[in-house]
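For reference, the structure discussed in these notes is given below.
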Amino acid sequence: MNTYPAGEYDVAVIGAGHAGIEAALASARLQRSTIVFTINLDAVGNMPCNPSVGGTAKGQLVREIDALGGEMGKAADATAIQYRMLNLGKGPAVRSPRVQSDRRRYQMYMKKTLEETENLDLRQAEVKELRRSGGGFVLVTATGGEYFARAVVIATGTYPEAVIHVGEVSFEGGPDGLFPSRGLSGSLRSMGISLRRFKTGTPARIHRDSIDFSVMEVQHGDGRIVPFSFDTPSRLSQNGEQEDCYICYTNAETHRIILDNLNRSPLYSGRITGVGPRYCPSIEDKVVRFSDKPRHQLFVEPMGRDTREMYLQGMSSSLPEEVQVKMIRSIKGLENAKIMRHAYAIEYDCCDPLQLSPSLMFRDIPGLFGAGQFNGTSGYEEAAAQGLMAGINAARFVAGEEPFVLDRASSYIGTLIDDIVTKGTNEPYRMMTSRSEYRLLLRQDNADLRLARAAAQVGLITREREKRTEEKAGAVKKEVLRLKGTVVPPDERVNGFLRGKNSSEISSGASLAELLRRPEITYPDLAEIDGGRPALDYETAEQAETEIKYEGYIARQLRQVEEMRRTESRRIPADTDYSLIKGLRLEARAKLSAVRPENLGQASRISGVSPADVGVLLIWLESGGGRGEKSDR
């Protein structure tokens, strides 16, 4: 094939899905000349699975992306057709925002944003080859274009060497009937990158007019809209503004159909070798693994305002088409369902993230970064979070600046990246609130307060936004102090209010903060006896309430953070030869040599490294083996 020089850039991003978009925007907004490649321009920001953003723990990621100057939250708000805050009946640590997005409008929003961003070129081309050259990389497209870039972000999603499976039928193909990426995997292997096969799947799409919604449970949007972006204020929902979603269930007949055809599923026949996501299994996997369950919950959700396609969340499958028709029509309300797109499984290449540093750069290939499903994760939100960080760090690498790394105590993003680069993953990684030991500190409502200063230092938010966040933090602190300092008397007005809330009366003066700590009393409730209340917006009032109600727990987590950061400060030299450290077990030596942790805290989280091994490392560092270095992070 003849090639030709097609252009030079500071940063090249391969892939324009959720990871590639954030990587390209971050790099370009940090004034680096950037190009982003996509196999098809119509696939920019595609949602091949469920057209939703957020959800449990994922909503926290999106709010952090927004706090750091990313785009996903703004796009979700601009294209939302339903808002819901999940887990409202639980504590604030696990509450998570979620929106159902208009799929096509989301794509159009993101494509337009890329097109209008300075320093950024958007190019439809398949990158077939990547090689190191002259202090950077050469990217060769299928049509012969040779592009030079000083740094590269690989954000290829589920496209590399992708194979689609539907029953006994298998063929090369990307998501939604698009082409796969062929050839790039070979280039990466030749560079020494270890690849593996993962698998994911997507459910069928059904024509809205063939569904009987009258026998399903309706799921309305929230009355109060809490946007993803901190630039958009919370507000009450308007009539007709949000679309409804619906809930239905599988049944014994559905399960019988699946089990009778299990031998035709490539997942069970052995034709699928890739590892699938444990926390988002196919319907056939659910029926087999949870055989004691008489039914499984499914969500019927709109794909957008301008289409009749409905998405059947919870029913991904790789069974043959005719079996899919039978099992779907066995469900109450779907007896006459017309399938518009069948479900399928997709296998693809991805890397072992243990090869990456916390900046998401390959340890042995300076200037090459990975992001998203290429790093072994699942989910749009996990991808976008990594894309943002990889884009920031690619831009900083080009400028000769230190990498920007968030730790576990600062964010869910920090937790996600630390997990995959330290512990690795043997299946598509999904973020969950349980993965964060500091989740009460890392709430969705305070992402802006936690990350605004870091975002400003990086250069992705304006001074105006930083100032707004500082003012909000001041308002929260002021209101907390006011509530603690305002004492109400044990008179009939106050005790009558408490009786009305099924709360015990007071016999002496009590501060408003003391009353607010009672689980049956909320901040809005206190307005009845709080005469000096300032006019606060919803978000500020919510944070003040959380700070007071959970003050003791927050203080305890802050102490844990201090201890964690002390261990993180003990740096381990990059050239450490673990085979020479006496007392380390053989498994620990192997794992430490493979991961090459940057500090003692990271070493302690490596699977296969015991507390005793960490103790040996600490003694070795204290004795001068590691030159006693401390981290400046």
Side-chain angles (χ1 to χ4, degrees), residues 12-21 23-24 36-40 43-46 48-49 123-132 137-143 147 149 152-165 170-202 266 271-277 318 344-356 360 362 365 368-380 382-384 386-387 390 420 424-429:
V13 179
I14 307 174
H18 305 285
I21 287 169
V36 56
F37 296 96
T38 176
I39 284 180
N40 192 316
V44 171
N46 188 26
C49 200
R123 184 75 164 86
Q124 177 171 302
E126 180 188 356
V127 176
K128 302 281 285 186
E129 181 185 348
L130 177 68
R131 64 176 186 267
R132 300 168 80 168
F137 302 86
V138 170
L139 302 90
V140 184
T141 68
T143 50
Y147 296 81
V152 172
V153 178
I154 305 173
T156 44
T158 61
Y159 286 83
E161 307 300 332
V163 174
I164 300 292
H165 298 277
S170 298
F171 54 90
E172 291 184 342
D176 277 341
L178 295 167
F179 291 120
S181 166
R182 302 185 186 93
L184 183 60
S185 290
S187 283
L188 299 179
R189 287 192 178 94
S190 69
M191 295 171 70
I193 294 174
S194 173
L195 299 180
R196 53 175 63 172
R197 294 289 276 179
F198 274 0
K199 165 259 175 188
T200 189
T202 189
R271 283 193 298 111
I272 290 180
T273 58
V275 181
S318 57
Y344 62 85
I346 183 169
E347 280 187 290
Y348 56 95
D349 284 350
C350 59
C351 81
D352 180 350
L354 289 177
Q355 300 165 97
L356 302 168
L360 294 180
F362 281 89
I365 310 176
L368 184 62
F369 297 79
Q373 287 183 277
F374 176 74
N375 287 354
T377 61
S378 71
Y380 310 146
E382 290 89 339
Q386 294 169 73
I420 63 172
T425 183
N426 294 318
E427 62 188 15
Y429 175 101

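- Nearest heavy-atom pair across Ser187 and Ser190 is O-OG, 2.6 Å.
- Judged purely by atom type and a 3.5 angstrom limit, Thr202 uses its side chain to pair as donor or acceptor with the backbone of Pro48.
- Within the model, atoms OG1 of Thr156 and CZ of Phe374 stand 5.5 Å from one another, a figure rounded to the nearest 0.5 Å.
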Step by step, would you call Asp176 with Tyr344 a side chain to side chain contact (heavy atoms under 4.5 Å, CB included)? CA-CA 9 Å; Asp176 277 341; Tyr344 62 85; 4.1 Å; yes
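- The pair Arg196-Asp349 does not count as a salt bridge, with every side-chain nitrogen at least 4.0 angstrom from each carboxylate oxygen.
- By the 4.5 Å heavy-atom criterion applied to side chains, Arg131 and Val138 are counted as neighbours.
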- Query: Going through the checks in order, is the side chain to side chain contact (heavy atoms under 4.5 Å, CB included) test met by Tyr159 and Ile14?
  - Reply: CA-CA 11 Å; Tyr159 286 83; Ile14 307 174; over 6 Å; no
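- In this structure, the side chain of Glu126 engages the main chain of Arg182 through a donor-acceptor pair within 3.5 Å.
- Smallest separation of non-hydrogen atoms from Ala155 and Gly20: CB-N, 3.6 Å.
- By the 4.5 Å heavy-atom criterion applied to side chains, Tyr348 and Thr200 are counted as neighbours.
- Here Asn426 contributes atom CG and Phe198 contributes atom CZ; the two are 6.5 Å apart, rounded to the nearest 0.5 Å.
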Ile420 vs Gln386, side chain to side chain contact (heavy atoms under 4.5 Å, CB included): CA-CA, chis, key distance, verdict: CA-CA 11 Å; Ile420 63 172; Gln386 294 169 73; 3.6 Å; yes
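- In terms of modelled atom types and a separation under 3.5 Å, the side chain of Gln355 and the main chain of Ser194 share a donor-acceptor contact.
- For the pair Gly174 and Ala162, the tightest heavy-atom approach, listed with the atom from each and the gap, is CA-CB, 4.4 Å.
- Applying the 6.0 Å contact sphere to CG of Asn40 captures more than 12 heavy atoms from other residues, nucleotides or ligands.
- Here the SG atom belonging to Cys350 is positioned 12.0 Å from the CD1 atom belonging to Ile193, to the nearest 0.5 angstrom.
- Expressed to the nearest 0.5 Å, how far CD1 of Ile365 lies from CZ of Arg132 amounts to 5.5 Å.
- In this structure, CG in Leu188 is found 7.0 Å from CG in Leu368, a value given to the nearest 0.5 Å.
- The closest side-chain heavy-atom distance from Thr141 to Arg123 is not below 4.5 Å.
- Nearest heavy-atom pair across Gly376 and Thr425 is O-CG2, 3.6 Å.
- Between Thr158 and Ile346, the shortest heavy-atom contact is O-CD1, 3.7 Å.
- Under a 3.5 Å cut-off, the side chain of Tyr380 and the backbone N or O of Asn46 do not form any donor-acceptor pair.
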Side chain to side chain contact (heavy atoms under 4.5 Å, CB included) between Phe369 and Ile154, intermediate numbers included: CA-CA 6 Å; Phe369 297 79; Ile154 305 173; over 6 Å; no
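- Heavy atoms only, all atoms of each residue included: Leu354 and Gly424 are closest at CD2-N, 3.4 Å.
- Considering Glu347, Glu427, Lys199, Arg197 as possible partners of Val275, the one that fulfils the side-chain contact (heavy atoms from CB on, under 4.5 Å) test is Glu427.
- Using a distance-only test at 3.5 Å, with no hydrogens or angles considered, no donor-acceptor pair links the side chain of Thr377 to the main chain of Tyr429.
- You'll find the side chain of Leu130 reaches within 4.5 Å of the side chain of Val152, heavy atoms only.
- No side-chain heavy atom of Val13 sits under 4.5 Å from any side-chain heavy atom of Phe37.
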